[in-house]
Amino acid sequence: VQQWASEFSVQLRDLTVKYSGSLLLQKKLKDVESIIKIVELNGDDLVRDYSNEIERMLGSKMKSVKRLAESAEDADLYHEFNASLEFDYYNSMLINTVDEDGNSLELGAEFPLEENEHFNNIPVNTQQSNIQVPTNVYNKDPIILNAIYNTEALNDVFISNFLKDPTLTWQYFGSSTGFFRIYPGIKWTPDPNGVVVFDCRNRNWCIKAIFCISDLKIIINRPHFKKMQFKTTIAKHTINTILDTLGENDFVNIIAYTDYVRYVEPCFKGTLVQADLDTREHFKLLVDELHVKGEAKIKNALKEAFKILNQVRVNGQGSMCNQAIMLITDGAMEDFESVFEEFNWPDRRVRVFTYLIGREMTFAQNTKWIACNNKGYYTHISTLADVQENVMEYLHVLSRPMVINHDHDIIWTEAYMDTVLPNTKQLFTTKAQSLLLMTSVAMPVFSKKKETLSHGILLGVVGSDIPLMEVIKLAPRYTLGPHGYAFLITNNGYILAHPDLRPLYKDGKKLKAKPNYNSVDLTEVEWEDTEDTLRTAMVKGQTGSLSLSVRASVDKAKRPLFLINEYFYTNIDDTPFSFGMVLTKGHGKLFFIGNVSVEEGLHDLTSPDLSIASEWTYCETDIDPSHRKYSQLQAAVRYLQGKEPDLECDEVLLQQLLFDAVVTAPLEAYWNTLMLSDRVEPGVETAFLGTRSGLMRVVRYAGVEARVAKNFLTPSDKDNLFTIHFPLWYRFGSLKYYPGSTSTTLSSRKAREVRGARNVQGQLMRCAGVRSAGVTLELYLCRPHLWLAPRKDSRRGGALRCSCRSPTRASKVTLSRAAILLLARDSQQASGQPQEAVVGQVQPSQLPQSVEGFPGQALASDPDAAAGLAHSQLEHPFVAVAALMRWFFSNTLTLLMDLNLCGLWHQLFVDGHKQKKMEAMIPCDTTYPGFMLEASVREANSVIKCGRCQKMFVVQQIPDSNLVLVVTQADCDCSRQFGPIPLTPKEIKY
């Protein structure tokens, strides 16, 4: 078997060397080695430089918002209210709409719109803003008209800001009266019922800008559910609306009271909890299920609330800002004044807001007295339509001190989903889903009129959106290397951007946001940081570094990698964010610089077989609108030619790109010569080359019809947009564990395709100048090389004793070190279940070491929500079995890649009953098995006892590769004793 593996290694090496041209490339690198400078990257300097770039970028956004706030306040200062004002404005829902006679509707005049790439190809008007008004707000109300007329002055500032900073996206003003001015102007689309439910006053950026963080204790008096269902519905909706106004910096708890006090979540008894998205949604579910009977006694509930708030304040916990009690009741009958005397008077540190539920006004005076004597606000909510407007009143009260003091605090929001970002489906298949997210910067706008200064009049909030993709781009990927990355977190430890953040899941054909997508903690993706050292330092805004041994994964988590990552982190001034970056020890910290003339490099850069990483930023094409028509390669060439001197380009990256173009140019002639000689073996499809500068050369040996892989770069190659253009074959080739090796990998889409890549480097360049050259082969071309290998011995000229005709009927499989099946004699055993069976039978020998992974952010079906659906399915066992079989055969390969615990249940219970409501998904933790063969183990053999027979197998490393050959005895069935090891994730039960 050793000779067998050696012979196969020689054939595989000859095949890849011949068609990749790696020897030619190695010779060329040797010739230019003297002019190459190797630089060791200083992570501390890099993180400082990149964070400064991010600070400058975010600082420019804050300056734009400040200019908007100043303009809005000045416009209001010189405006006199006119109750009879008549003013036509552009209503974003009515523009470009005509009646039956072809005349424009009122407020719906012609408004030119043009698709704009900078705004995700949405039709916009960059010369004018327009107005969105919610359906529940009268669009011709005098107060609305005066405020809209006032803010017309913002148009010039919007345009001026965009000219000064062309990277700006949406700019807007949200009025306290309800309308929303947005730039550039767009056509607003209502829901299918013609209703515009968007209300800027409810948006997170608006609430955070006007509202100091708070500790809230929500108290609900729950009447008997069956008798008072209408009141209960209003009460639940009121609580949900209050919860929606809270953010991750607020703290909250909910207690229900009758003749005793009950916490809706017993685990949170006696404390306040952070009001992040998970907590808020959890409270909503608990409130929905709450049923309380008995006589309502408010006294005990108020005492409990005051005690907890006082304890939090004394211990320096919670928000350390506002404190409030929200009392939701249908009446207050008992004597409660003594409670306030004991706990809240005379300082009145805790504000009390009361919400009287229902149409009866019997107890209105009591509930109003409670609010007015505790610096709160009283509202009466008699219908569901009253809830939104009345709940918002408490925000105005809590924000009044800030308004009176004119505290123009700039706020930043947590990450949120932008539903109109381009390439959503493409990003879903990558590790860069967090690049779909946005953050917003906002600032309050106050009235500066003398007569209103003491009242504190809030005019609204101005803001702008920042795509996190643009922020992360400021840390160039080529410097971080194929396994390095950058990430951002908030001061609460929640992720803004990280390659392992997956905010989306697939529900049938639709992409949906996970329920907790913007409250994923750093520890859920950097789970090797078991002591929370990294998280704690970043949350505190510290600057430093940390080294961790990590188990990374690539190729849809099928291949574990053991790396030593060095983390560098610092805070971003004037924001609640911290920036971190990772350099992998070894190749990740080395960088090379090679010098060639621009003329020489330009000649080779325009070769037809050459492309560059279009996702990288070689030149900024988004600053000047006239440059947006250029691709990155076109922009780089025109800049180097001197045709576009105004382009802002990365000089270091361009220098490296020119050098790579010159060094790799001989391969083009070599590959063309091979094609013209007609000596290309059938099944050899593509030759390719990748470099750290993002340069890639590709030549197609086979025509489109004959190729298995129609597209060279597959979704798995673009496994990580944070390090895009470092596909799987390049990332494996760059690892120091396989210097000069042949790396053979399976396509994630088709089991018929295999790639052989050779890592090419000079003696001095080592891992800094990795260039991976290789070929794409059809799997059948490798199979005969493997099966013919035992029939000849190139060193002895004789035949091996073992052959495929042996009476023992030996079966052979080839595994990568990450235990991925490559070849088997039966073509049906190329992937899927047989792989699991082989690993299952070899595993008792402990040769493949088990490596446990923990992919966070998984989803599971809510058993309560799915109970009815599951019951209906179990009543039809044959339907369930048929669905299970259909799922198994159609998803065998996908089974190995999918990290969604509930893939099976989703297919089984949802696809079979599409007419039923989709089941609720809840976050859960999962673990999945992986296997690695120790690199130091060259060969091993063992015998497994299987009942009446013994099964022998031999494991032999295939030299100069990351493959091993496993030869097993096929006439001894061990499937009963050692069944397949499923490679699917399993939920962790706590």
Side-chain angles (χ1 to χ4, degrees), residues 57-58 60-65 67-68 89-96 110-132 151 154-174 179-190 196 198 200 203 205 413 415-427 432-442 462-474 497 511 614-615 617 619-632 635 648 721:
M57 177 203 182
L58 299 183
S60 71
K61 314 303 179 191
M62 289 188 281
K63 289 178 181 178
S64 297
V65 168
R67 286 192 288 267
L68 289 173
Y89 59 90
Y90 291 108
N91 187 305
S92 61
M93 195 173 78
L94 301 176
I95 56 171
N96 301 331
E110 183 179 351
F111 191 78
L113 297 172
E114 184 178 350
E115 288 189 2
N116 191 304
E117 184 180 357
H118 182 69
F119 294 95
N120 311 316
N121 291 317
I122 294 175
V124 298
N125 185 331
T126 56
Q127 301 302 313
Q128 183 75 36
S129 64
N130 59 10
I131 304 296
Q132 178 268 338
T151 58
L154 292 178
N155 272 317
D156 292 338
V157 186
F158 284 142
I159 297 172
S160 174
N161 281 343
F162 191 43
L163 292 175
K164 290 177 181 177
D165 182 4
T167 64
L168 276 173
T169 56
W170 306 103
Q171 303 175 68
Y172 40 81
F173 170 81
F179 75 84
F180 180 64
R181 181 180 288 276
I182 183 171
Y183 173 87
I186 61 172
K187 172 70 174 178
W188 202 280
T189 304
V196 179
F198 177 91
C200 62
R203 308 302 290 180
W205 51 266
T413 68
Y416 63 92
M417 189 71 67
D418 183 5
T419 56
V420 297
L421 267 180
N423 304 321
T424 303
K425 291 184 179 179
Q426 176 189 349
L427 288 173
Q433 291 182 28
S434 61
L435 297 183
L436 288 164
L437 303 179
M438 311 273 287
T439 184
S440 295
V441 55
V462 290
S464 181
D465 295 341
I466 298 97
L468 291 171
M469 181 184 291
E470 299 302 317
V471 181
I472 288 296
K473 277 183 179 180
L474 296 177
L511 297 177
S614 59
E615 298 84 358
T617 304
C619 296
E620 286 287 355
T621 58
D622 205 30
I623 295 178
D624 188 336
S626 64
H627 294 154
R628 291 174 186 157
K629 60 186 177 184
Y630 298 134
S631 67
Q632 282 297 313
E648 294 184 13
L721 274 181

Q.
Determine whether the aromatic ring centres of residues Phe173 and Phe180 are separated by less than 6.0 angstrom.
A. no
**Q.** Minimal non-hydrogen separation, Asp165 against Ser60, with atom names
**A.** OD2-OG, 3.1 Å
Q | Rounded distance [0.5 Å steps], CD in Glu114 versus OG1 in Thr126 | A | 7.5 Å
Q. Are any side-chain N or O atoms of Ser129 and backbone N or O atoms of Gly185, one a donor and one an acceptor, separated by less than 3.5 Å?
A. no
Q.
Would the distance check show the side chain of His118 and the main-chain N or O of Ile623 forming a donor-acceptor pair, the cut-off being under 3.5 Å?
A. no
Q. Hey, is the main chain of Trp170 close enough, under 3.5 Å, to the side chain of Ser464 for a donor-acceptor pair?
A. yes
Q) With a 4.5 Å heavy-atom cut-off, do Asn91 and Ile131 have their side chains touching? A) no
Q.
Using side chain to side chain contact (heavy atoms under 4.5 Å, CB included), reason through Asn116 and Asn121 one step at a time and then give a plain yes or no.
A. CA-CA 5 Å; Asn116 191 304; Asn121 291 317; over 6 Å; no
Q | Heavy-atom side-chain contact between Val471 and Ile466 under 4.5 Å | A | yes
Q. Atom NZ in Lys187, atom CG in Asn130: separation rounded to 0.5 Å?
A. 9.5 Å
Q: Indicate yes or no: at least one non-hydrogen side-chain atom of Leu113 is less than 4.5 angstrom from one of Ile186.
A: no
Q) So, for Pro112 and Asn125, which heavy atoms are closest and what is the spacing to 0.1 Å? A) O-ND2, 3.0 Å
**Q.** Rounded distance [0.5 Å steps], CD in Glu470 versus CG in Leu168
**A.** 11.0 Å
**Q.** From Tyr90, Tyr89, Trp188, residue fulfilling ring pair (Phe, Tyr, Trp, His ring centres under 6.0 Å) relative to Phe111
**A.** Tyr90
Q.
Nearest 0.5 Å, please: how far is CD in Glu648 from CG in Asp624?
A. 10.0 Å
Q. Do Ile159 and Tyr183 touch side chain to side chain, with heavy atoms closer than 4.5 Å?
A. yes
Q. Can you tell me how far the CE atom of Met438 sits from the CG atom of Leu468, to the nearest 0.5 Å?
A. 8.0 Å
Q | Gap separating the CD atom of Gln128 from the CG atom of Asn155, nearest 0.5 angstrom | A | 4.0 Å
Q: For the residue pair Lys63 and Lys164, establish whether any side-chain heavy-atom pair is separated by less than 4.5 Å.
A: no
Q: Give the C-alpha distance, both sets of side-chain angles, the deciding distance and a yes or no for side chain to side chain donor-acceptor pair (under 3.5 Å) between Thr621 and Lys629.
A: CA-CA 8 Å; Thr621 58; Lys629 60 186 177 184; over 6 Å; no
Q: Let me see the working for Asp465 and Ser440 under side chain to side chain donor-acceptor pair (under 3.5 Å), right down to the final yes or no.
A: CA-CA 4 Å; Asp465 295 341; Ser440 295; 2.7 Å; yes
Q: Provide the closest heavy-atom pair for Glu117 versus Arg628 in the form atom of the first, atom of the second, distance.
A: OE1-O, 3.5 Å
**Q.** Stepwise side chain to side chain contact (heavy atoms under 4.5 Å, CB included) check, Ser92 with Gln132
**A.** CA-CA 5 Å; Ser92 61; Gln132 178 268 338; 3.4 Å; yes
Q: Grab the two heavy atoms, one from Cys200 and one from Gly174, that are nearest each other, plus how far apart they are.
A: SG-CA, 3.6 Å
**Q.** Intermediate values then yes/no, side chain to side chain contact (heavy atoms under 4.5 Å, CB included), Val462 and Gln171
**A.** CA-CA 8 Å; Val462 290; Gln171 303 175 68; over 6 Å; no
Q | Ring centre gap for Phe179 and Tyr172 strictly below 6.0 Å | A | no
(Q) Contact between Pro184 and Phe158 at the side-chain level, heavy atoms closer than 4.5 Å - yes or no? (A) no
